[in-house]
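Written below as structure tokens is the structure these notes are about.
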Amino acid sequence: MKKLIYITLVIFSVTNVSGQELKKEHQKFIQTFIDNVKDDKKEEIAKIISYPLNRENPIPSIKNKAEFIKRYSEIFDAALKKEIISSKPAKDWSEVGWRGIMLNNGTIWFDTDGKLKTINYQSGYERELKDRLISGQKKNLHSSIASFKKPLYVLETSKFRIRIDDLGNENYRYASWAIKKPMSEKPDLIISNGKWSAEGSGGNSKFDFKKGAYLYECYIMVLGPSNSPPATLTIYQNEKEILSQNAKIVPR
């Protein structure tokens, strides 16, 4: 199985999840991580990151060690460092099945090989950066779709460019253009009241958008066979499939 998409921040739900006490070998690399954070050894921390290290959309993901070292202080502010440094491997870190090893309620996730794969924390700097980037996006979009709570995905198939935005209150919007059109032009199609659903426990998901007799399904592939596309677009008319195309996810 292979992780295929540039995703937006991969966040594991820890509601009603009980972790197991860490094995001694896992406690050892967690303690090393804690010590490195305490001493701000960003070069050492950079070596154990599973790249790309995703940040909340539209903040760009961190692609490599050099970029992590440069952006280290944007993520590891005083509050996050305090949570990490004050933690005890045997008490505050736990193993949660296939999800890996988490700090407290999921602030940080490692895999069992000692790779840091997710940081579910946003510093004040990143919150301000996210707001600035979203504001900039809205200025460059057509006015008909310039209002949204959070940007999610831009997908590109051989024929279409598709933008999916979170409008809030579990309401998602689909906007599409011919592939050669910019998003500053009026979309050829806009559908609101879309629905999101998880597909299995591996992180895959899909968005369904209905308009009359048509259903537009955007499937996001997190885990799948090595030849799986990052995403797909499937269109149904009266429950009959009339189009299916692989899609790439446009990097932030």
Side-chain angles (χ1 to χ4, degrees), residues 3-17 54-59 61 96 99 102 105-107 109 118-122 126-127 129-138 141-157 160-177 183 186-224 229-239 241 244 247-252:
K3 185 175 181 179
L4 294 171
I5 76 166
Y6 183 90
I7 207 152
T8 136
L9 185 60
V10 179
I11 299 178
F12 297 104
S13 172
V14 295
T15 304
N16 297 323
V17 171
N54 295 310
R55 309 310 299 144
E56 186 174 352
N57 196 2
I59 300 173
S61 296
V96 190
R99 295 174 175 87
M102 70 175 180
N105 290 320
T107 305
W109 287 85
T118 305
I119 300 176
N120 291 324
Y121 175 84
Q122 194 169 75
E126 283 196 320
R127 287 193 295 272
L129 176 60
K130 181 186 71 174
D131 290 343
R132 290 198 303 271
L133 291 173
I134 290 175
S135 178
Q137 279 192 13
K138 290 178 176 180
L141 291 172
H142 189 269
S143 59
S144 62
I145 57 166
S147 177
F148 53 86
K149 182 179 180 181
K150 184 166 61 176
L152 295 179
Y153 297 101
V154 175
L155 310 179
E156 290 183 353
T157 75
F160 304 109
R161 177 173 291 110
I162 299 155
R163 182 183 177 94
I164 301 174
D165 291 307
D166 180 356
L167 304 184
N169 298 318
E170 300 182 352
N171 179 8
Y172 301 92
R173 182 179 63 205
Y174 174 105
S176 70
W177 300 258
M183 290 187 288
K186 184 177 181 179
D188 300 317
L189 177 64
I190 301 174
I191 310 173
S192 297
N193 297 313
K195 302 300 180 184
W196 173 88
S197 59
E199 295 289 303
S201 60
N204 298 345
S205 64
K206 70 183 178 79
F207 296 85
D208 288 334
F209 302 91
K210 296 192 70 174
K211 187 175 180 67
Y214 294 89
L215 171 66
Y216 297 76
E217 178 188 279
C218 296
Y219 193 96
I220 308 299
M221 180 74 72
V222 176
L223 291 175
T232 59
L233 167 68
T234 306
I235 303 176
Y236 301 88
Q237 182 181 18
N238 293 319
E239 301 184 357
E241 181 181 311
S244 181
K248 68 177 183 179
I249 298 175
V250 179
R252 303 197 290 273

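None of these values were measured; they are calculated from a predicted model.
- Note that CD1 of Ile220 and CG of Leu152 are 9.0 Å apart. Values are rounded to the nearest 0.5 Å.
- For Ser197, the side-chain contact (heavy atoms from CB on, under 4.5 Å) partners at least two apart in sequence or on another chain are Glu199, Lys206.
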Trace of the side chain to side chain contact (heavy atoms under 4.5 Å, CB included) decision for Thr234 with Tyr219: CA-CA 8 Å; Thr234 306; Tyr219 193 96; over 6 Å; no
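- Annotation: the span from Lys149 atom NZ to Asn169 atom CG amounts to 7.0 Å, rounded to 0.5 Å.
- Counting heavy-atom neighbours within 6.0 Å of Lys186 NZ, excluding the residue itself, gives a total of 12 or less.
- Residues Thr232 and Met221 are not in side-chain contact: their nearest non-hydrogen atoms beyond the backbone lie 4.5 Å or more apart.
- With contacts defined as side-chain heavy-atom distances shorter than 4.5 Å, the pair Asn193/Asn171 qualifies.
- Tyr172 is linked by a ring-ring contact (aromatic ring centres under 6.0 Å, His included) to Phe207, counting only residues two or more places apart in sequence or in another chain.
- Shown here are the ring-ring contact (aromatic ring centres under 6.0 Å, His included) partners of Tyr236, two or more places apart in sequence or in another chain: there are none.
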Ile249/Leu155 under side chain to side chain contact (heavy atoms under 4.5 Å, CB included): CA gap, chis, key distance, verdict: CA-CA 5 Å; Ile249 298 175; Leu155 310 179; 3.6 Å; yes
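- No option in Phe160, Tyr174, Phe209 other than Tyr174 meets the ring-ring contact (aromatic ring centres under 6.0 Å, His included) test with Tyr216.
- Contact of the Lys150 side chain with the Glu56 side chain is registered, since non-hydrogen atoms from C-beta on lie closer than 4.5 Å.
- The minimum heavy-atom distance between Pro229 and Ala247, with the atom names listed, is CB-O, 4.4 Å.
- How far CZ of Arg163 is from SG of Cys218: 13.5 Å, rounded to the nearest 0.5 Å.
- Between Phe148 and Leu141 the shortest side-chain heavy-atom distance falls below 4.5 Å.
- Using a 4.5 Å heavy-atom cutoff, the side chains of Met183 and Trp177 are in contact.
- A distance-only check finds a donor-acceptor pair linking the side chain of Asn57 to the backbone of Pro151 [under 3.5 Å].
- Note that CZ of Arg55 is 9.0 Å distant from OG1 of Thr118, once rounded to the nearest 0.5 Å.
- Side-chain contact annotation: Ser176 with Asp188, donor-acceptor N/O pair under 3.5 Å absent.
- Atom CD1 of Ile59 and atom CG of Leu133 lie 6.5 Å apart (nearest 0.5 Å).
- Remark: side-chain polar atoms of Arg127 are paired, donor with acceptor, to backbone N or O of Gln122 under 3.5 angstrom.
- Using a 4.0 Å cut-off between charged nitrogen and carboxylate oxygen, Asp165 and Arg173 count as a salt-bridge pair.
- Annotation for Gly106 and Met102: closest pair N-SD, 3.8 Å, computed over non-hydrogen atoms.
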